Chemist: 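Encoded as structure tokens, here's the structure I'll be asking about.
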Protein chains: 2
Amino acid sequence: MTDGTSERVRPRDRILETAQDMFHKHGIKAVGVDAITEAAGTNKMTLYRHFESKDDLIIECLRATASKAGAMWDAFETEHPGDKLAQLNAWVRKAADMLRADCRGCDMANAAVELSEADHPARRVIKELKEAQRDRLVALCRDAGIGQAELLADTLSLLLEGARVSLQSVGAEGPSAQFVRMAEGLITSFRGAAAR
Amino acid sequence: MTDGTSERVRPRDRILETAQDMFHKHGIKAVGVDAITEAAGTNKMTLYRHFESKDDLIIECLRATASKAGAMWDAFETEHPGDKLAQLNAWVRKAADMLRADCRGCDMANAAVELSEADHPARRVIKELKEAQRDRLVALCRDAGIGQAELLADTLSLLLEGARVSLQSVGAEGPSAQFVRMAEGLITSFRGAAAR
DNA sequence: TCTGGAAGTTACAGACCGGTAACACCCTAG
DNA sequence: CTAGGGTGTTACCGGTCTGTAACTTCCAGA
């Protein structure tokens, strides 16, 4: 057994985890590679042995974040197997849970704002991952038997995205406080339209 | 006549205008004061004679942007005097017009994302200005005779905020393309609820 | 014409950034 | 035990950043 009880985490994974956390909390441009390696208990050379550049590290962080979000979606399915409407409601509740005062918003959206250069390599990845999330929400709405599934999914997407950014600019007492009411009202409204 | 046809703009105003434009296009942290002064046809010393610091310049830029947005609101009133519902529809159309592919989003929201430090002096100003805009939209909805004016205004706010950030992460073909349909549907829905 | 203040110029300070080179070390697989 | 790859350490490069000092130039108003 190579690991035993010690189970030492590889430097690459420590760097990835630490970078995700620091990028999320302080922003990408506000965090230097020196700060990341120090917080991860390693050094800059090791970082550059595992990642081509800071941009490469950013991209890997975004992929890791999206992967965690994907696991959250899987949890909806296992918690409410087959019941798509319950999964959609779980999504709303989970989204509302993330709208706490200390929430710094969506990492991908924030990265898109910070990395303003149109040809930045991270932009491709952000678009890919965001489109995948959109497809998943559309499929969930459709499978829940909602008529205009795309429109509802897009509306919910924009509401959540807006709530996350509003949280940062006006705070938790702003419009984002009404997110659950808006989302649930929309879902019932769309369901009623389908039944009609 | 001191100005004549030349109409020379004061360095301070040139700096403010240029900084607004560059901050909007490239982001705050991506633009240095040297680049601003060069683009404004002046120099760094002149900038620091008119603004205490870069942070101070940022704040003045945000105020100027909000002032321009306020002028836009005034235009709604003059174009549709007394007709609050028409003004609300004009707001929707104006918002949709800003959702072009090259749109870089809301300067205040972007600044809130970029300036992640909780005690950054710009954060107070951002919150103030955003709350003022919210109050204005709530008043417009209420004066348009809509029952749950606050809820509609907050929903529209989040939708627009979300559309602007979605535009940057997934592009113009993403959920933001449906903004007008969503907004108009919401307005008619809320109006129907009031009539009921 | 004189003068005072605004504006421009140059140079610099001090800090931080991403990224690299050269070298010492340790720990594990063979 | 030994060899070698992953890791840590230190120093450095060139560049950029905000902000300041000292000085010159320009221009409008009295």
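Everything quoted here is computed from the prediction, not taken from an experiment. Numbers restart at 1 for each chain; the letters A, B, ... are given by sequence-line order, proteins then strands. Any value given below was found using the heavy atoms of this structure, including those in side chains, with hydrogens, waters and symmetry copies removed.
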Chemist: I need a per-nucleotide contact map over nucleotides 7-21 of chain C, read 5' to 3'. Cutoff is protein heavy atoms under 4.0 Å; write B for the base, S for backbone only, - otherwise.
Modeler: BBB--------BBBB
Chemist: Expressed as a whole number of angstroms, how long is the span from B/Leu57:CG to D/dC17:P?
Modeler: 15 Å
Chemist: List, by chain and then residue number, the residues other than B/Val138 in its hydrophobic cluster (Ile/Leu/Val/Met/Phe/Trp/Tyr, side-chain heavy atoms under 4.5 Å); write none if there are no others.
Modeler: none
Chemist: Tell me the interatomic distance from B/His26, atom NE2, to D/dT16, atom P, rounded to whole angstroms.
Modeler: 16 Å
Chemist: Under the side-chain contact (heavy atoms from CB on, under 4.5 Å) rule, collect the residues that match up with B/Glu17, sequence neighbours excluded.
Modeler: B/Gln20, B/Lys68
Chemist: Mind checking salt bridge (charged side-chain N to carboxylate O under 4.0 Å, His left out) for B/Arg10 and listing every partner two or more places apart, or none if nothing turns up?
Modeler: none
Chemist: With sequence neighbours excluded, what pairs up with A/His50 under the side-chain contact (heavy atoms from CB on, under 4.5 Å) test?
Modeler: A/Arg12, A/Thr46
Chemist: Check which hydrophobic residues are tied to A/Ile126 through side-chain heavy-atom contacts below 4.5 Å, counting indirect links as well, and list them.
Modeler: A/Ile15, A/Leu16, A/Met22, A/Phe23, A/Ile28, A/Val31, A/Val33, A/Ile36, A/Leu47, A/Tyr48, A/Phe51, A/Leu57, A/Ile58, A/Ile59, A/Leu62, A/Met108, A/Leu115, A/Val125, A/Leu129
